[in-house]
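Please read the structure below before turning to the comments.
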Amino acid sequence: MKALFFILSVMLLQACDSKKESHEELTQSATSWEEFHYPIVEFILDDPQGQAKNFKEFVPDLEELIKKEALAVSKILYEKPNEVPRVDSIIYTVCEFEGLSGKGGVRPTIHFVFGSQYFATMLDSLDKVSIREEIIGVMVHEVAHAYQKDCKYEGDGWSVIEGIADAVRYLEGYVDVSRQKPGGSYLDGYKTTGFFMVWIMQNKDQNFLKKLNKSLEENYDWKWDENILNLTGQSVDSLWEEYQNYLQINEAAAPLS
């Protein structure tokens, strides 16, 4: 499966270079969310070691959950369904994978992988409810990747892409808020950056995440400084300092709601 990991990494870079792909221009034709184009979902268990043989016992409704989150994620990232990039199929594979999870492929066909070894680790450390929530949370992160706009997946682009995906995961209720603490950098990506994005959304502009997502499409070589200033009227450093002050003051209080 090392070969699969390499292939998926290449596919991810191809997906982020989607402006060069003609079929990336495919979009939703629907004008109302009731007409949303749901992907066809296929589940594959490729686990010769048997580490994840009971995976579906925790998420027997995985295919329907992916479809549900496809709509929910699209509503978070876009104003209208006809703005949403078209995804026709999502192939979800549980296999030996050097990592937790990954997304590959180029729209309209997307591949998700979930590591069987990581699943086995969860069996040893988490209860059944927590395992299910972690699987769904990781899936939401990958669904966000499937539907969000793309930019160059390096430099500032990496952190904004991964931050958006975890911001979406947080908004869908699948992030442990105890991990929201002062420190780090908006360049860290994932939850650190995602929490920051949600804070801007809740305190500065409720449409921030939609605007941020759109800015990726408009700026392939995406940069924090210029884009956040354009979107909010504030520098990213001043926003980060304000956010850090908020966290320090409220460290012992309730997390973001």
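Worth knowing before you read on, the calculation uses all heavy atoms, side chains too, and leaves out hydrogens, waters and symmetry mates. Since we're looking at a predicted model, the values are computed, not measured.
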Given Y190 and W158, is the ring pair (Phe, Tyr, Trp, His ring centres under 6.0 Å) satisfied, shown in steps? CA-CA 9 Å; Y190 295 104; W158 170 85; 5.6 Å; yes
Here the pair of heavy atoms bringing F112 nearest to K103 is CE2-CG, 3.9 Å
Under the rule for salt bridge (Lys or Arg N to Asp or Glu O under 4.0 Å), what residues qualify as partners of D205, not counting sequence neighbours? K211
Residue list, salt bridge (Lys or Arg N to Asp or Glu O under 4.0 Å) with D127, at least two apart or on another chain: none
If you take all heavy atoms of F208 and M201, which pair is closest and at what distance? CB-CA, 4.0 Å
Under a 3.5 Å cutoff, is there a donor and acceptor pairing between the side chains of E35 and S32? yes
Within 45 degrees of the axis of the six-membered ring of F43 and under 6.0 Å from its centre: does K56 put its NZ or CZ there? yes
When the aromatic ring centroids of F114 and F119 are compared, is their separation below 6.0 Å? no
Hydrogens and angles aside, do D176 and S178 bring a side-chain donor and acceptor to less than 3.5 Å of each other? yes
Residues that K223 engages under salt bridge (Lys or Arg N to Asp or Glu O under 4.0 Å), provided they are two or more places apart: D221
Are side-chain N/O atoms of E64 and Y38 paired as donor and acceptor at under 3.5 Å? no
If the plane angle is over 60° it's perpendicular, under 30° parallel, otherwise tilted; pick one for Y186 and W240. perpendicular
Tested for side chain to side chain donor-acceptor pair (under 3.5 Å) against H141, the lone hit among E172, E69, E162, R169 is E162
Side chains of W224 and S159: any donor to acceptor distance under 3.5 Å? yes
